[in-house]
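All of these numbers come straight from a predicted model, not from anything done at the bench. Proteins come first, then strands; the chains are lettered A, B, ... in the order of their sequence lines, and each starts at number 1.
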Protein chains: 2
Amino acid sequence: MSHDLDIVDKLISLMSSGKYNAHDRLPSENEIADTYEVPRITARKAYERLEEMGYIYKKQGKGSYVKDRYQQIELVLTGDVSFSQKMIEKGYDFQSKTIFCQEIKYNKKIYNYLETTKEDKIFKVGRLRYIDRQPIALHVSYLAKSVFEDIDDVGRDITSMFQYYHSKGYTQFDSKPSVLSVSFPTASQRTLFNCPHLIPLLVLESGCMDKKTGKVLEYLKIYYRSDCFSYVLC
Amino acid sequence: MSHDLDIVDKLISLMSSGKYNAHDRLPSENEIADTYEVPRITARKAYERLEEMGYIYKKQGKGSYVKDRYQQIELVLTGDVSFSQKMIEKGYDFQSKTIFCQEIKYNKKIYNYLETTKEDKIFKVGRLRYIDRQPIALHVSYLAKSVFEDIDDVGRDITSMFQYYHSKGYTQFDSKPSVLSVSFPTASQRTLFNCPHLIPLLVLESGCMDKKTGKVLEYLKIYYRSDCFSYVLC
DNA sequence: CACAGCCAACTTGGCAACAAGTTATGCTCA
DNA sequence: TGAGCATAACTTGTTGCCAAGTTGGCTGTG
């Protein structure tokens, strides 16, 4: 017991065990250094990590405090029902905001996925999802202009993707296989989510097809703050 | 562009874009400090973070180098087929080692899940999974002694859980709903996985029931190194 | 020329001293 | 007595210096 990561573990277990509660003041860096018999710099590093992991916040001249962790929202990972509908059904204070709609430069993977050619244009539509006014998920939909002619005009006004599909005459859908992975937020994602760097994001890649024709309508990438959710598979 | 996290982002994008490849030597801390016009301590912090995220390794007196990232193994998240079978079918160099089998102290959640009482004993069986000799997943099975009388004797010899079930007369199974979450490894998990602290773990909680009687046989918790896998949902 | 050894110029690692911010106490003065 | 200000004792934040490790080139010697 001497490395800073050991102290991180220790403090996390003390916080989750209830020894320290939300907004409690933690021991000062010097106290930590004394109790664990390490130089202050080690105690300090431990606190810096905890801050980046979203467990604590610090106030210069005052001390370090336990952060209020977000509630764990149960999220069912299936493609059939829209995200907003799921959230509203569960009774959450849900909001959604479309934050961008812009053309992307050529990208082999996405163009192949949408079964389109280099001559086509593809737009990405970003929608930020809020629960209790906190941004907790980012949906990025990639749509081809050859399929959705007016996407560059109306993209920023889309609130529900399914509604938009309906207005284009697509009424029944198949979901393509979903791929899950974990990543860390980039600078812009950190800004959007207003979150520390070391909060991992759960990334869900999927797609949507028209059931009748089999045409690929959308390539979808969803980024979830992993500290806000637990995910239920069926 | 001045914070250490911005430099982390920048370097990650340079590495993934192919500007720096595996085992390439990265600019020294001082060079980073000069190019981004920050004090060396900032450059240093950025490198420390990258090291803990598993992107780079450092050699004192020599420099910092790009780490060989693990291949992404596609893992299908369904409870029907055993983990080892899936891996072997895909042609991976797969190994499994049972590393512990011990009684746990009373824990309400697990006891309830296994539908047993405080008088019962519950054992946890830990199996570490290797691919290409690298530990990449930890399976922890919780089994009740009332269901598996000889678990404390033979627990350490179990290689396949399904085989063990068969030997007890259970032949057909139902999988309970799976819950997914993300966490960071504890000290012991870090030792087992031989990994830096900031590699997130994907945690899959599930259970196994006997199809005929509906009896809950097992509470299962699987920890996957998130940097080794991409997960496919069906 | 060949080779051994030394030294200088890099690298990362660690730490101590100082800076800045906050608070509480106690002193001064009306 | 009471209000206000100075100060001391904490807190976290920052920086710069030196130690330790590695490399490669230069130099002296056979």
Side-chain angles (χ1 to χ4, degrees), chain A residues 1-12 14-15 19-68 190 195-198, chain B residues 1-12 14-15 19-68 190 194-199:
Chain A
M1 172 69 88
S2 62
H3 210 296
D4 55 342
L5 296 185
D6 296 315
I7 298 175
V8 169
D9 285 340
K10 184 72 187 168
L11 289 169
I12 288 178
L14 286 176
M15 283 186 283
K19 173 78 187 295
Y20 300 118
N21 293 108
H23 306 296
D24 279 1
R25 190 173 165 285
L26 290 161
S28 76
E29 293 172 357
N30 283 313
E31 285 171 326
I32 292 287
D34 288 346
T35 46
Y36 295 101
E37 292 177 337
V38 292
R40 178 168 87 98
I41 200 76
T42 305
R44 185 169 173 70
K45 275 186 187 172
Y47 271 7
E48 280 177 352
R49 284 207 171 89
L50 286 168
E51 187 178 28
E52 300 217 321
M53 291 167 80
Y55 280 96
I56 69 170
Y57 59 93
K58 303 199 271 186
K59 288 184 187 173
Q60 186 178 152
K62 295 188 73 173
S64 305
Y65 300 82
V66 179
K67 208 167 172 177
D68 221 353
R190 254 177 290 143
C195 77
H197 190 232
L198 298 179
Chain B
M1 172 67 88
S2 62
H3 211 296
D4 55 342
L5 296 185
D6 296 316
I7 297 175
V8 169
D9 286 339
K10 184 71 185 167
L11 288 170
I12 288 179
L14 286 177
M15 283 186 283
K19 174 79 187 297
Y20 299 119
N21 293 108
H23 307 296
D24 279 1
R25 191 173 164 285
L26 291 160
S28 78
E29 292 172 359
N30 282 314
E31 284 171 325
I32 292 288
D34 288 345
T35 46
Y36 296 103
E37 293 177 336
V38 292
R40 179 168 86 98
I41 198 75
T42 304
R44 184 170 173 70
K45 275 186 187 170
Y47 271 7
E48 280 176 353
R49 266 179 200 112
L50 286 169
E51 187 178 28
E52 299 218 322
M53 291 166 82
Y55 281 96
I56 68 170
Y57 59 93
K58 304 199 270 185
K59 287 183 187 174
Q60 187 177 153
K62 294 189 70 175
S64 304
Y65 299 83
V66 178
K67 208 168 173 176
D68 221 351
R190 253 178 290 143
N194 186 29
C195 78
H197 191 230
L198 300 179
I199 296 289

Review point. Are OP1 or OP2 of D/dT11 and a side-chain N or O of A/S64 less than 4.0 angstrom apart?
Key: no

Exercise for review: Find the distance B/R40:CZ to D/dT15:P and express it as a whole number of Å.
Suggested key: 13 Å

Practice item. Work out which heavy atom in A/A43 is nearest to a heavy atom in A/I32; give both atom names and the distance. Key: CB-CG2, 3.5 Å

Practice item. Measure the spacing between CG of A/L198 and CG of B/L5 and express it to the nearest 0.5 Å. Key: 7.5 Å

Check your understanding: Which whole-number value in Å describes the distance from A/E48 CD to D/dG13 C1'?
Key -> 9 Å

Check your understanding: Hey, does the side chain of B/S28 come within less than 4.0 Å of C/dC10's phosphate (OP1/OP2), counting only N and O?
Key -> no

Point to revise | Closest to the A/N30 side chain, choosing from D/dT22, C/dG13, D/dT12 | key: D/dT12

Study note, to complete from the structure: Given Watson-Crick and G-U pairs under 3.5 Å, DNA chain D in dot-bracket ([ ] crossing, | other strand) is ||||||||||||||||||||||||||||||

Point to revise | Separation of atom OH in B/Y65 from atom P in D/dT22, rounded to whole Å | key: 11 Å

Exercise for review: Calculate, to the nearest 0.5 Å, the distance between atoms CD1 and CD belonging to A/I41 and A/E48 respectively.
Suggested key: 7.5 Å

Check your understanding: Hey, does the side-chain of B/R44 have a donor or acceptor N/O within less than 3.5 Å of a partner on the base of D/dG16?
Key -> no

Point to revise | Atom-to-atom span, CD of A/E31 to C1' of D/dA9 - whole angstrom | key: 13 Å

Review point. What's the CG-P distance between B/L50 and C/dT12, to the nearest Å?
Key: 13 Å

Review point. Between C/dG21, C/dG13, C/dT23, which nucleotide gets closest to the side-chain atoms of A/Q60?
Key: C/dG21

Revision key, fill the gap. note: B/E29, atom CD; D/dT15, atom P; distance rounded to Å ~ 16 Å

Check your understanding: Which atom pair, heavy atoms only, marks the closest approach of B/Y65 to B/H23?
Key -> CD2-O, 3.7 Å

Point to revise | Phosphate-side-chain proximity, B/K59 and C/dT11, N/O vs OP1/OP2 below 4.0 Å | key: no

Check your understanding: A/G63 and A/R25: which non-hydrogen atoms are nearest, and at how many Å?
Key -> CA-NE, 4.1 Å

Study note, to complete from the structure: Tightest non-hydrogen contact, residues B/V66 and B/Y20, listed as CG2-CB, 3.8 Å

Check your understanding: Any idea which heavy atoms bring B/V8 and B/M53 closest together, and the distance?
Key -> CG1-SD, 4.3 Å

Review point. In whole angstroms, how far is the P atom of D/dT15 from the NZ atom of B/K45?
Key: 9 Å

Check your understanding: To the nearest Å, how far apart are A/I41 CD1 and D/dT14 P?
Key -> 12 Å

**Study point:** OP1 or OP2 of C/dT12 under 4.0 Å from side-chain N/O of B/K62
**Key:** no

